[in-house]
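Comments concern the structure below.
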Amino acid sequence: MHDISIIRTDPVKFDNSLINRGVEPCSKNIISKDVEKRKAQTLLQQLQAERNSLSKEINILKSKNLDVKNQINKVDKIKDQIISLKELEKILDDELKAILSNLPNIPSSDVPFGKDEKDNIELKKWGNKPQFNFKSKRHFEIGESMGLMNFDIASKISGSRFVVLKGMLAKLERALSQFMLDQHTNKNGYTEMNVPVLVKDHSLFGTGNLPKFAEDLFTSGDDHWLIPTAEVPLTNLVREQILDLNSLPMRFTSYTPCFRSEAGAAGKDTRGMLRQHQFTKVELVSISKPEDSEKEHERMLLSAEGILQELDLHYRVVTLCTGDMGFASKKTYDIEVWLPGENTYREISSCSNCGDFQSRRMNAKYKNEKNENIFVHTLNGSGLAVGRTLIAILENYQTEDGNVAIPKVLQKYLNNKTFII
RNA sequence: GGAGAGAUGGCUGAGCGGUUGAAAGCACCGGUCUUGAAAACCGGCAAGGGGCGACCCUUCGUGAGUUCGAAUCUCACUCUCUCCGCCA
């Protein structure tokens, strides 16, 4: 949600910054609504003040047993105006909110301009592609031939875009999540949280998933939604609060299942477990002072990268261009892991600085040194998507005989085994 | 699912329909005292918004209603808690 005063101050700049994201200029409409609303509001407040003082007058006259008919008549006349002005103000305010809540965040000035993922900028690469002296297989070929990854039975149970992992692969998934949580809590200073995966719509509004992206989400049938990411409950941990200055930064991590309808992805990545309706993820969320959020963003990226480094998986980091960023983000780094079976880099983490975009929607503030109430900055990142990490291990650690080596750091979570089979 | 209780400022907690935006306490901030600290005493301390401004408006879970006037009365909803039943 945008600060209306910023739009008032420099509407041209506002429009230009959203054009970069493919949004039509709208400040003119916003400002005219805003002016109209404030006009109604000012008039309404004058009438309310008049009513209030007349009511006080009535009280005084009554206590002296004097006649109050005259005053009551006056108030009666004002009342109708107050009611209709209130309605008008509410309509204008609702319209204004509807416009504002559907506008994406403004990109940071250092975000590269671009239309789609082709315009993202590669920031760095780490490690090397593994060399195989045999034809490398894709993750589902490996998993299925092991008999530990079953899409057929999953579709019988739940339909398309689900998977059943068995035995060592199920354990590998568990080992990965445990390893990630241990890294983030022991080395990176995040506090592990166990959070609801069913949330109310105001929480999804807070993070920016609603009202615009309802079709990407699953509902529970009552008035709950299944979270598409733990970013939702973790970020909302600070909603409707004025935080203490020295409680910042806050760093949360959580391992949860995530649910996505993949409405816009029909026919995309249908084979394998790259794109599922349900997957698990270890999420990182930071709540910071505005002046610290850029630094916190870099720190978060390093925390996520650290997982891949420990697993010795080759990856690159890209800065998303204006056209490819998520709705709530002002700057996003994607980490893309190398998948030899797919012969490509695939997103395994996305780290975003949302600035005060989400905190405005959630009403989350802190008291600064001058005792002012300031919206906090919120950041979120995957640390990492567990399913995709499992894919990366299968494809990068595969052996010619159809086995998969277990990365050193995971072995202690898997009874010191060195191979899957 | 059945029965009941409740929702007030950072927290606890008062609040006859009329200077109650809200007592009191705690916490916090400033001051006096003290070599320093504690204690004691004095003072300050909700949020959002409008107006160039003096100021004004809104908010006591949310939304409607009654009234000249609502934290206080009525209705609906949401949420929390207790007991019973069921259950991981």
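Just so it is clear: chains get the letters A, B, ... in the order the sequence lines come, proteins before strands, and each one is counted from 1. Predicted, not measured: the structure shown is a model, and the values here were computed from it.
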(request) Using a strict 4.0 Å threshold on nitrogen-to-oxygen distance, state whether Glu342(A) and Arg138(A) make a salt bridge. (result) yes
(message) For nucleotides 65-78 of chain B, give me one character per nucleotide, 5' to 3': B if any protein heavy atom sits under 4.0 Å from the base, S if the only such contacts are to the sugar-phosphate, - if neither.
(response) ---BS--------S
(request) Take atom P in rU34(B) and the same atom in rC28(B), then report the distance between them in whole Å. (result) 24 Å
(request) If rA22(B) has a Watson-Crick or G-U wobble mate with both distances under 3.5 Å, name it; if not, just say none. (result) none
(request) Round to the nearest Å and state the distance from Glu87(A) atom CD to rG63(B) atom P. (result) 15 Å
(request) Please state the P separation for the pair rG18(B) and rU32(B) - nearest whole angstrom. (result) 43 Å
(message) Please classify the nucleic acid contact of Arg8(A) as base, sugar-phosphate, or nothing, using heavy-atom distances under 4.0 Å.
(response) sugar-phosphate
At a cut-off of 3.5 Å, list every protein nitrogen or oxygen paired with a nitrogen or oxygen from nucleotides 8-12 of chain B, distance to 0.1 Å.
none

(request) Please step through side-chain hydrogen bond (donor to acceptor under 3.5 Å, both in side chains) for the pair Ser261(A) and Asp216(A), ending with a clear verdict. (result) CA-CA 5 Å; Ser261(A) 73; Asp216(A) 295 337; 4.6 Å; no
(request) Would you mind checking if Lys156(A) and Asp152(A) are paired as a salt bridge, meaning a charged N to carboxylate O distance below 4.0 Å? (result) no
(request) Using both distances under 3.5 Å as the test, list the Watson-Crick or G-U wobble partner of rA14(B), or none. (result) none
(message) Just to verify, what does Lys417(A) make a side chain to side chain donor-acceptor pair (under 3.5 Å) with, not counting sequence neighbours?
(response) none
(message) Under a 3.5 Å cut-off for both contacts, is rC87(B) paired Watson-Crick or G-U wobble with anything, and if yes, with which nucleotide?
(response) none
(request) Report the base-pairing partner of rC45(B) (Watson-Crick or G-U wobble, both distances below 3.5 angstrom), or none. (result) none
(message) Which residues pass the ring-ring contact (aromatic ring centres under 6.0 Å, His included) test with Tyr366(A), not counting sequence neighbours?
(response) none
(request) Provide the Watson-Crick or G-U wobble partner of rG53(B), both distances under 3.5 Å; none if there is no partner. (result) none
(message) If I pick the P atom on rC68(B) and the same atom on rG10(B), what distance separates them, to the nearest angstrom?
(response) 34 Å
(message) On RNA chain B, compare the nucleotides closest to Ala49(A) and Asp34(A); which residue's is nearer the 5' end?
(response) Asp34(A)
(message) So Lys86(A), base contact, sugar-phosphate only, or nothing? Heavy-atom distance under 4.0 Å.
(response) nothing
(message) Please report the distance separating the C1' of rG61(B) from the corresponding atom of rA71(B), rounded so that it comes out in whole Å.
(response) 12 Å
(request) Using the C1' atom as the reference point in each nucleotide, state the distance between rC33(B) and rA38(B) in Å, no decimals. (result) 12 Å
(request) Find the distance Glu50(A):CD to rU58(B):P and express it as a whole number of Å. (result) 13 Å
(request) Provide the distance between the two P atoms, one in rG13(B) and one in rU67(B), to the nearest whole Å. (result) 36 Å
(message) Between Arg161(A) and Glu262(A), does any side-chain N to carboxylate O distance fall below 4.0 Å?
(response) no
(message) In whole Å, I'd like the distance from the NE2 atom of His224(A) to the C1' atom of rC79(B).
(response) 11 Å
(message) Looking at Asp76(A) and Arg51(A), is there a salt bridge between them, counting it only when a charged N and a carboxylate O are closer than 4.0 Å?
(response) no
(message) When both hydrogen-bonding distances must be under 3.5 Å and the geometry is Watson-Crick or G-U wobble, what is rU74(B) paired with, if anything?
(response) rA64(B)
(message) Once ring-ring contact (aromatic ring centres under 6.0 Å, His included) is applied, do any residues pair with Tyr333(A), and if so which ones, sequence neighbours excluded?
(response) His297(A)
(request) Would you please name every residue forming a salt bridge (Lys or Arg N to Asp or Glu O under 4.0 Å) with Arg299(A), sequence neighbours left out? (result) none
(request) With sequence neighbours left out, write down each residue that passes side chain to side chain donor-acceptor pair (under 3.5 Å) with Asp93(A), or none if nothing qualifies. (result) Lys37(A), Lys97(A)
(request) Let me know the distance between CG of Leu85(A) and C1' of rC57(B), rounded to the nearest Å. (result) 13 Å
(request) Take atom CG of Leu243(A) and atom P of rC28(B), then tell me their distance rounded to the nearest Å. (result) 18 Å
(message) The criterion is side chain to side chain donor-acceptor pair (under 3.5 Å); which residues satisfy it with Thr378(A), sequence neighbours excluded?
(response) Gln358(A)
(request) Write down the partner of rA40(B) under the Watson-Crick or G-U wobble criteria, each distance required to be under 3.5 Å. (result) rU32(B)
(request) Using Watson-Crick or G-U wobble geometry with both distances below 3.5 Å, tell me the partner of rG6(B), or none. (result) rC79(B)
(request) Specify the separation, in whole Å, of atom NZ of Lys37(A) and atom P of rC57(B). (result) 18 Å
(message) Just to be sure I understand the rule, does Asn373(A) reach a base, reach only the sugar-phosphate, or reach nothing, if contact means heavy atoms closer than 4.0 Å?
(response) sugar-phosphate
(message) Just the rounded figure in Å: distance from P of rG63(B) to CG of Asp94(A).
(response) 11 Å
(request) May I ask you to say what Lys367(A) touches in the nucleic acid, namely base, sugar-phosphate or nothing, with a heavy-atom cut-off under 4.0 Å? (result) sugar-phosphate
(message) Holding to side chain to side chain donor-acceptor pair (under 3.5 Å), I want the full list of residues that pass it with Arg8(A), two or more places apart in sequence or in another chain.
(response) Asp34(A)
(request) With P as the reference atom in both, quote the distance from rA22(B) to rG9(B) in angstrom, rounded to an integer. (result) 15 Å
(request) Figure out the CD/P separation between Gln41(A) and rC56(B), and round it to whole Å. (result) 17 Å
(request) Sticking with atom C1', work out how far rG21(B) lies from rU8(B), rounded to a whole angstrom. (result) 11 Å
